[in-house]
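Right, one structure below, let's go through it.
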Amino acid sequence: MTRRHVALRACYGAAAGLFLVAATAAMAGCTADGTDGGTAGNGATSRAPAASPAPSTSTTAPSAVSLVPELDESKQPKTPAEARELLARILITEDAFGPGVVRSTPFESSSVRWPVLDEGCVWQTAGLPQDVLATNTRYFQIPAADGHGRVRLNATVTIHRNRAESGWETARAMEEVLRCPDQKLREGEQLVGLLGNAMYQGEQLNNWSEDAFNEIGTYVSEQDGGPHRYFWYQAQFGPVTVAIAGKGAEGFKDENLTQLVVQGNSRMIAQAKQALGKAAG
């Protein structure tokens, strides 16, 4: 299967495009450095199916100014130690989301483990694959208050050895959605009805990253109840992929969750471009 498999996009692009429209609107509220130009709402600010998905075609905005600089390959990390240093410069803290978001416990994942979706559509962990120099996930939440339940947010940064490998990470994410629209995160926690959409630079108004991918669906948990809205938003620049997962809650507006997901992602992709992009001029 090639990364530009037409059928893949036709089946899933329309439904996932509902999230894209909301994400693009939220992205418009962020400045070039990834800071929020508006308000998150509902306190602050991973994947929902749409009815009757229909084939769609990619749209390009010729007048849009690209926000993607040229990659400076001399700045790419070549060792795990260099990759961990770069990762620390890109990965966000709770301040990136705004007021109301706090750290969860545990706060960070193991830096030497990698999530793998097995043949039974259950997420497991394994050692880092050869193409990954470093990865880390941080966990946040908005505690239950003001009439809504607990909202969960995850931020992940992965540093690959080169741009090609980070691109294939996005391709594999799309294939996983096709293979496993229902996924078990852990005992008592699952994602249901996942749909995905890939957006290359210049497609579907994507002028902020080399490659982008989003998933929408519902989240069900013995602890948090559900079904709740789930969003996953991923972007790539050079050897780096950044992603935010958002798990909604009763009483928390979907548009506010979307804004949080996009806000966190835009901050990290901006920091990746600042670290690895060629200087203007």
Side-chain angles (χ1 to χ4, degrees), residues 15-16 18-23 25-27 29-30 36 38-51 91-109 115 117 121-123 125 136-156 177 180-196 214-234 242-268:
L18 296 177
F19 170 70
L20 171 65
V21 171
M27 180 67 73
C30 296
D36 182 24
T39 57
N42 217 26
T45 148
S46 350
R47 310 180 190 209
L91 195 55
I92 54 175
T93 63
E94 62 274 20
D95 295 341
F97 295 108
V101 178
V102 298
R103 299 184 180 191
S104 295
T105 302
F107 175 52
E108 291 187 303
S109 66
L117 188 63
C121 299
V122 178
W123 283 100
T125 59
N136 199 1
T137 297
R138 287 178 175 172
Y139 304 98
F140 309 91
Q141 63 176 298
I142 303 175
D146 302 323
H148 68 77
R150 176 173 56 181
V151 177
R152 296 179 183 268
L153 298 160
N154 301 346
T156 300
V177 173
C180 296
D182 298 338
Q183 301 174 5
K184 182 177 179 179
L185 297 176
R186 56 185 60 82
E187 196 63 39
E189 190 173 0
Q190 61 182 348
L191 305 175
V192 180
L194 295 178
L195 297 169
N214 67 69
E215 293 177 10
I216 58 176
T218 52
Y219 165 70
V220 180
S221 164
E222 291 181 358
Q223 188 174 23
D224 295 325
H228 303 306
R229 184 69 73 188
Y230 179 87
F231 293 140
W232 168 274
Y233 192 32
Q234 179 173 315
V242 301
I244 299 287
K247 301 170 183 174
E250 184 71 26
F252 197 84
K253 294 181 179 180
D254 290 349
E255 55 266 34
N256 292 336
L257 183 63
T258 300
Q259 184 170 353
L260 285 168
V261 170
V262 175
Q263 183 173 317
N265 189 284
S266 63
R267 175 70 66 86
M268 294 197 295

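Counting from 1, the numbers follow the sequence of the chain as shown.
Across A155 and I92, no two heavy atoms sit closer than the pair CB-CG1, 4.0 Å. Listed here is the closest heavy atom pair of M268 and L91: SD-CD1, 3.9 Å. H148 and P143 make their closest contact through CE1-O, 3.4 Å (heavy atoms, listed as atom of the first residue, atom of the second, distance). Between V151 and A249, the shortest heavy-atom contact is CG2-CB, 4.0 Å. For Y219 against D224, the heavy-atom pair with the smallest separation is OH-OD2, 3.2 Å.
When the salt bridge (Lys or Arg N to Asp or Glu O under 4.0 Å) test is applied to E189, the partners found at least two apart in sequence or on another chain are R186, K247. In this structure E250 satisfies the side-chain hydrogen bond (donor to acceptor under 3.5 Å, both in side chains) test with no other residue, sequence neighbours excluded. For Y139, there are no ring pair (Phe, Tyr, Trp, His ring centres under 6.0 Å) partners, not counting sequence neighbours. Looking at residues two or more places apart in sequence or on another chain, you find no side-chain hydrogen bond (donor to acceptor under 3.5 Å, both in side chains) involving S221. Taking T93 as the reference, nothing meets the side-chain hydrogen bond (donor to acceptor under 3.5 Å, both in side chains) condition, with sequence neighbours excluded. Taking the side-chain hydrogen bond (donor to acceptor under 3.5 Å, both in side chains) definition, one finds that E222 meets it with nothing, sequence neighbours left out.
Taking CG from N154 and OG from S104, the interatomic distance works out to 7.5 Å, rounded to the nearest 0.5 Å. In this structure, CZ on R138 lies 11.0 Å from OG1 on T156, to the nearest 0.5 angstrom. Interatomic distance, CD of Q263 versus CG of N256, reported as 11.0 Å (0.5 Å rounding). Interatomic distance, CD1 of I244 versus CG of L153, reported as 7.0 Å (0.5 Å rounding).
One N or O on the side chain of H228 and one on the backbone of G226 form a donor-acceptor pair closer than 3.5 Å. With T218 contributing its side chain and V192 its backbone, the two residues share a donor-acceptor pair below 3.5 Å. Of the possible donor and acceptor atoms, none in the side chain of R103 sits under 3.5 Å from a partner among the backbone N and O of E94.
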### Query
Run the side chain to side chain contact (heavy atoms under 4.5 Å, CB included) check on F97 and I142 step by step: do they pass?
CA-CA 10 Å; F97 295 108; I142 303 175; over 6 Å; no
### Task
Could you walk me through whether V262 and F231 pass the side chain to side chain contact (heavy atoms under 4.5 Å, CB included) test, one step at a time?
CA-CA 10 Å; V262 175; F231 293 140; over 6 Å; no
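With a 4.5 Å cut-off on side-chain heavy atoms, L195 and P181 do not count as touching.
D182 and Q190 are not linked by any side-chain donor-acceptor pair at a separation below 3.5 angstrom, with hydrogens and angles left out of the test.
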